[in-house]
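I have placed the structure first, in the form of structure tokens, so that the comments after it can refer back to it.
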Protein chains: 2
Amino acid sequence: MPLPQTEMPGRLQAYCAERGIRMTQQRRAILGVMETASKHLDAAQLLRKAQKLDASVDRSTVYRTLRLLKRQGLIDELDLMHIHGEGHYYERKLNRDHIHMACLRCGKIMEFVSDIFEKLKSQVEKDCRFRIVVSRLEIGGYCAHCSK
Amino acid sequence: MPLPQTEMPGRLQAYCAERGIRMTQQRRAILGVMETASKHLDAAQLLRKAQKLDASVDRSTVYRTLRLLKRQGLIDELDLMHIHGEGHYYERKLNRDHIHMACLRCGKIMEFVSDIFEKLKSQVEKDCRFRIVVSRLEIGGYCAHCSK
DNA sequence: ATCTCAACTGCAACCAGTTGCGACACGGGG
DNA sequence: CCCCGTGTCGCAACTGGTTGCAGTTGAGAT
Ligand SMILES: [Mn+2]
Ligand SMILES: [Mn+2]
Ligand SMILES: [Zn+2]
Ligand SMILES: [Zn+2]
């Protein structure tokens, strides 16, 4: 049961419209899933959820849409230390960059916002004269519970 | 032409010996390549170079050895913003962690060592009570030359 | 030096992600 | 409202990374 097209287009759809990106039935399904996902979906999960909204969605369309959203800077791609297999995870890019920590024992994923991270990025921009578009800090280790 | 086994075993082989890891003909070839690589090899390059030392080396052995070295903390795995395709890059882990920057236009890869990065990791360990084993900061953007 | 056996390997089948192609549908203009 | 052009889609073939298996080999013990 697809969302009514006229209501709640969601931010991602709005951003795409602003940028003149063509909106298709399949993209609506995929964006809808990304929009409402609690967190960190991999491509297979995204495909399954999108197919519940539009059964015709194909694997290749999911990957193509992920590439599009990545290029547009609307989502981030994560490894999460490849805790489960080899694939990547995706999440909506929010206002503030955050760090990801993955516990190598229990698999828990934690997020952390830090001013020092912002300072580090400024240092890179200044000292290396490098204009940052996207940044990813991922840490593997042991969470408070598992390091006891 | 394999290196003479008795000379210059290389640090990676030494580390493996210390840890009681069995040394095979194929691993010697692969470690030899990692040891002497200038930088950032992907799995296909590594396979080709290793096969020049030992033609019997198989794709699956390369991946299995990479997994071993990763688990042992002897190499780091990088995305380098997937500048070329989807795969991963590998490099010997050295004394000091460094940041990777990839230019989205010319593809140049830069490295940077920063005390602020070290401070950020300390903050994570303290504030999140998270024991860090491995960390990866990768940045995409435009290098000094390309951002003009 | 030889024996022994768990660890390792190549192989082939498998699975996840990519790509070329002809069909289709979004959405701007008439 | 319908037409049209082009961007997107599903499909199927392909590529790169993984895995189960049966044979091989490294290295410690005798
Ligand atoms: Mn990755
Ligand atoms: Mn490096
Ligand atoms: Zn944990
Ligand atoms: Zn550049």
Side-chain angles (χ1 to χ4, degrees), chain A residues 2 5-6 9 12-14 16-32 41-51 53-72 75 77-90, chain B residues 2 5-6 9 12-14 16-32 41-51 53-72 75 77-90:
Chain A
Q5 295 184 203
T6 49
L12 282 174
Q13 277 192 52
C16 288
E18 276 172 31
R19 297 169 198 206
I21 292 167
R22 185 181 290 185
M23 191 49 49
T24 66
Q25 194 58 39
Q26 295 85 348
R27 283 184 183 167
R28 244 188 298 278
I30 295 166
L31 299 204
L41 295 174
D42 66 24
Q45 294 170 314
L46 185 50
L47 173 62
R48 258 182 290 117
K49 284 168 186 277
Q51 284 179 331
L53 302 180
D54 175 349
S56 79
V57 175
D58 188 75
R59 199 155 41 112
S60 57
T61 300
V62 169
Y63 288 111
R64 288 194 269 235
T65 303
L66 285 171
R67 187 158 68 241
L68 172 72
L69 295 174
K70 238 189 310 177
R71 273 201 312 260
Q72 294 291 325
I75 62 172
E77 185 180 57
L78 304 170
D79 277 18
L80 300 181
M81 288 298 139
H82 294 300
I83 288 262
H84 308 104
E86 166 77 1
H88 290 121
Y89 296 85
Y90 301 90
Chain B
Q5 294 185 203
T6 50
L12 281 176
Q13 277 193 50
C16 289
E18 276 171 33
R19 296 168 200 207
I21 292 167
R22 186 180 290 185
M23 190 48 49
T24 65
Q25 194 59 40
Q26 294 86 346
R27 284 185 182 167
R28 244 188 297 279
I30 294 166
L31 299 205
L41 295 174
D42 65 25
Q45 295 170 314
L46 184 51
L47 173 62
R48 257 181 292 115
K49 285 169 186 275
Q51 284 179 332
L53 302 180
D54 175 349
S56 80
V57 175
D58 187 75
R59 200 155 43 111
S60 57
T61 300
V62 168
Y63 287 109
R64 288 194 269 236
T65 303
L66 285 171
R67 188 159 66 240
L68 173 73
L69 295 174
K70 238 189 308 177
R71 273 202 311 262
Q72 293 291 325
I75 62 172
E77 185 180 56
L78 304 169
D79 277 18
L80 301 182
M81 290 296 138
H82 294 299
I83 289 262
H84 307 104
E86 166 78 358
H88 291 120
Y89 295 85
Y90 301 90

Worksheet item: So does B:Ser56 get a side-chain nitrogen or oxygen closer than 4.0 Å to the phosphate oxygens (OP1/OP2) of C:dG10?
Response: yes
Item to complete: Might you work through the side chain to side chain contact (heavy atoms under 4.5 Å, CB included) test for B:Asp42 and B:Gln45, ending with a clear yes or no?
Response: CA-CA 5 Å; B:Asp42 65 25; B:Gln45 295 170 314; 3.1 Å; yes
Worksheet item: What integer distance in Å separates B:Leu69:CG from C:dC8:P?
Response: 12 Å
Item to complete: Tell me which of B:Met23 and B:Ser60 sits closer to the 5' end of DNA chain D, going by the nucleotide each one is nearest to.
Response: B:Ser60
Practice prompt. Find which nucleotide of DNA chain C each of B:Gly85 and B:Asp58 is nearest to by heavy atoms, and output the residue with the more 5' nucleotide.
Written response: B:Asp58
Worksheet item: Rounded to whole angstrom units, what separation is found between the CG atom of A:Leu47 and the P atom of C:dA16?
Response: 11 Å
Worksheet item: Take atom NZ in B:Lys70; do more than 12 heavy atoms of anything else shown fall under 6.0 Å from it?
Response: yes
Worksheet item: For DNA chain C, whose closest nucleotide is more 5', that of B:Arg27 or that of B:Glu86?
Response: B:Arg27
Item to complete: Rounded off to whole Å, could you give me the CG-to-C1' distance for the A:Leu68 and C:dT18 pair?
Response: 16 Å
Discussion item. So for B:Arg59 and D:dG17, does any side-chain atom that can act as donor or acceptor lie under 3.5 Å from a complementary atom in the base?
Written reply: yes
Item to complete: Measure distances between side-chain N and O atoms of B:Arg64 and base N and O atoms of C:dG10, and say whether any donor-acceptor pair falls under 3.5 Å.
Response: yes
Worksheet item: At under 4.0 Å, does any side-chain N or O of B:Thr24 touch on OP1 or OP2 of C:dT9?
Response: yes
Worksheet, complete the sentence: Whole-Å distance, B:Gln13 CD to D:dG26 C1', equals 14 Å
Discussion item. With hydrogens left out and only the distance checked, is there a donor-acceptor pair under 3.5 Å joining B:Arg22's side chain and the base of D:dA27?
Written reply: no
Worksheet item: Which whole-number value in Å describes the distance from B:Ile21 CD1 to D:dA27 C1'?
Response: 15 Å
Item to complete: Round to the nearest Å and state the distance from B:Gln45 atom CD to D:dG17 atom P.
Response: 11 Å
Worksheet entry | Beyond-backbone contact of A:Thr65 with A:Leu46, side-chain heavy atoms, under 4.5 angstrom | no
Item to complete: Return the value, rounded to whole Å, for the distance between atom CG of B:Leu66 and atom P of C:dC8.
Response: 15 Å
Worksheet item: Where does the angle between the aromatic ring planes of B:His82 and B:His88 fall among parallel (under 30°), tilted (30 to 60°) and perpendicular (over 60°)?
Response: tilted
Practice prompt. For residues A:Leu47 and A:Val57, report the shortest heavy-atom separation together with the two atoms involved.
Written response: CD1-O, 3.8 Å
Worksheet item: Within the structure, does a side-chain N or O atom of B:Gln26 lie under 4.0 Å from either OP1 or OP2 of C:dC8?
Response: no
Response to the item:
Here the distance between atom C1' of D:dC9 and atom CZ of A:Arg28, to the nearest Å, is 14 Å
